[in-house]
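Reading through the structure tokens given below for one structure.
Atoms within each ligand, like the ligands themselves, are counted from 1 in listed order. In this chain, residues are counted from 1 in sequence order. Note that this is a predicted model, so its numbers are computed, not measured.
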Amino acid sequence: MEVPPRPELFDFHGVCMLKQFTNNWENVQNFKARPDDILIATYPKAGTTWVSYILDLLYFGHMDPDRQTSVHLHERVPFLEFCKPSFPTGTDLADKLPTIPRLIKTHLPVQFVPISFWEQRCRIVYVARNAKDDAVSFFHFGRMNSALPEPGDWSTFLQGFMEGKRVFGSWYDHVNGWWEKKQTYSNLHYMFYEDLIEDCGREIDGLCSFLGLSPSPEEKERVRTSVTFDSMKQNKVTNYTTIKTLNHTVSPFMRKGKVGDWKNHFTVAQNEQFDEDYKQKMKNPDLKFRFEI
Ligand code: PPS
């Protein structure tokens with residue numbers, strides 16, 4: 001079978017994007033959020049799948065056992081801006097979601113989020129991951145995902161990452177833009193991948209208090225054990241092995257799940273250049289990332 005060519009990035013209102021995320025723009029912008037919707041927002045590779053599954057289990061883990069084994073996470077938590085021929089669009093999937101609340105995922109930078117989410121005062125969970133591990137994860141994802149541009153070699157990819165030439169734009173603008181939003185929008189819970197790795201139970205508690213949930217200790221423990229890296233890697237509902245554009249023999253979607261894997265990729269020179277550039281772009285002293293734990 002002929003392999004379709006890799007797509008190209010283009011400038012979209014100042015942000016690098018791919019057509020598969022802008023094709024349905026009018027419907028995305030006009031999306032009618034409901035007050036009880038919960039938006040899970042991230043820069044790619046920050047822990048979207050992890051937090052989506054935590055929220056899905058907190059709300060719906062006790063429901064119909066069939067759902068747990070047969071409904072894939074990407075159907076339970078639609079990807080709002082996704083739009084590719086012969087697939088249902090993210091907005092259609094979200095419109096048809098039967099659950100209350102609806103859990104909806106997005107990688108959009110804050111300025112692109114449909115206005116109805118703000119008007120309806122929806123709760124939003126933002127997850128951020130340190131830039132070095134995010135870049136490494138994104139690089140390997142680009143290698144295994146034929147729906148993304150060719151990543152090139154590691155040093156080319158890293159350079160593009162630093163210049164914001166990756167789909168959904170600059171990591172730096174994304175994490176800073178959402179952080180600023182949190183200062184004025186109180187229904188935003190800003191989380192860090194590194195904190196989840198350090199103590200997932202504590203982070204689940206934080207999510208529950210933000211969402212007004214009070215699971216029993218047993219329920220909470222069930223969620224915690226179901227969302228470990230190894231459980232999610234084995235679980236076909238969460239490991240993305242059924243998606244055709246992903247080649248897990250090149251690099252699995254559930255790849256390493258660690259903090260600090262960047263040390264296995266960055267050369268000393270790349271690290272120095274990255275740190276210098278980072279200082280220029282990350283001036284807000286309140287937004288701090290951990291590169292190791
Ligand atoms: S995507 O494609 O943007 O939706 O990817 P996303 O889910 O945001 O990020 C994928 C990375 O998250 C890791 N991951 C986890 N780490 C630890 N524990 C759990 N449960 C978990 N689930 C997903 C996944 O392995 C990717 O990171 P890397 O570093 O590539 O392993």
### Query
Do Val227 and ligand 1 have an N or O pair less than 3.5 Å apart?
yes
### Query
Is any N or O atom of Tyr240, backbone or side chain, closer than 3.5 Å to an N or O atom of ligand 1?
no
### Message
Taking only non-hydrogen atoms of Lys233, do any sit less than 4.0 angstrom from ligand 1?
### Response
no
### Proximity of Ser137 to ligand 1 by residue part, where a heavy atom lies under 4.0 Å
both
### Task
Please confirm whether Trp50 comes within less than 3.5 Å of ligand 1 when only nitrogen or oxygen atoms on both sides are compared.
yes
## Note on the structure
protein heavy-atom neighbour closest to atom 16 (N) of ligand 1 works out as Tyr193 OH, 2.8 Å
### Task
Evaluate the ring planes of Tyr126 and Tyr190, with Trp represented by its six-membered ring, and classify them as parallel (under 30°), tilted (30 to 60°) or perpendicular (over 60°).
tilted
#### Entry: Mutual orientation of the aromatic rings belonging to Phe253 and Tyr240 [parallel < 30°, tilted 30-60°, perpendicular > 60°]
tilted
#### Entry: Min heavy-atom dist Thr228 to ligand 1 below 4.0 Å
yes
### Contact partition for Lys45 relative to ligand 1, non-hydrogen atoms under 4.0 Å
both
### Query
Non-hydrogen atoms of Phe138 versus ligand 1: any pair closer than 4.0 Å?
no
### Message
Counting only heavy atoms closer than 4.0 Å, does ligand 1 sit against the backbone of Phe141, its side chain, both, or neither?
### Response
side chain
#### Entry: Six-ring centre of Tyr185, Arg121 cation under 6.0 angstrom, axis tolerance 45°
yes
### Gly257 N/O to ligand 1 N/O under 3.5 Å
yes
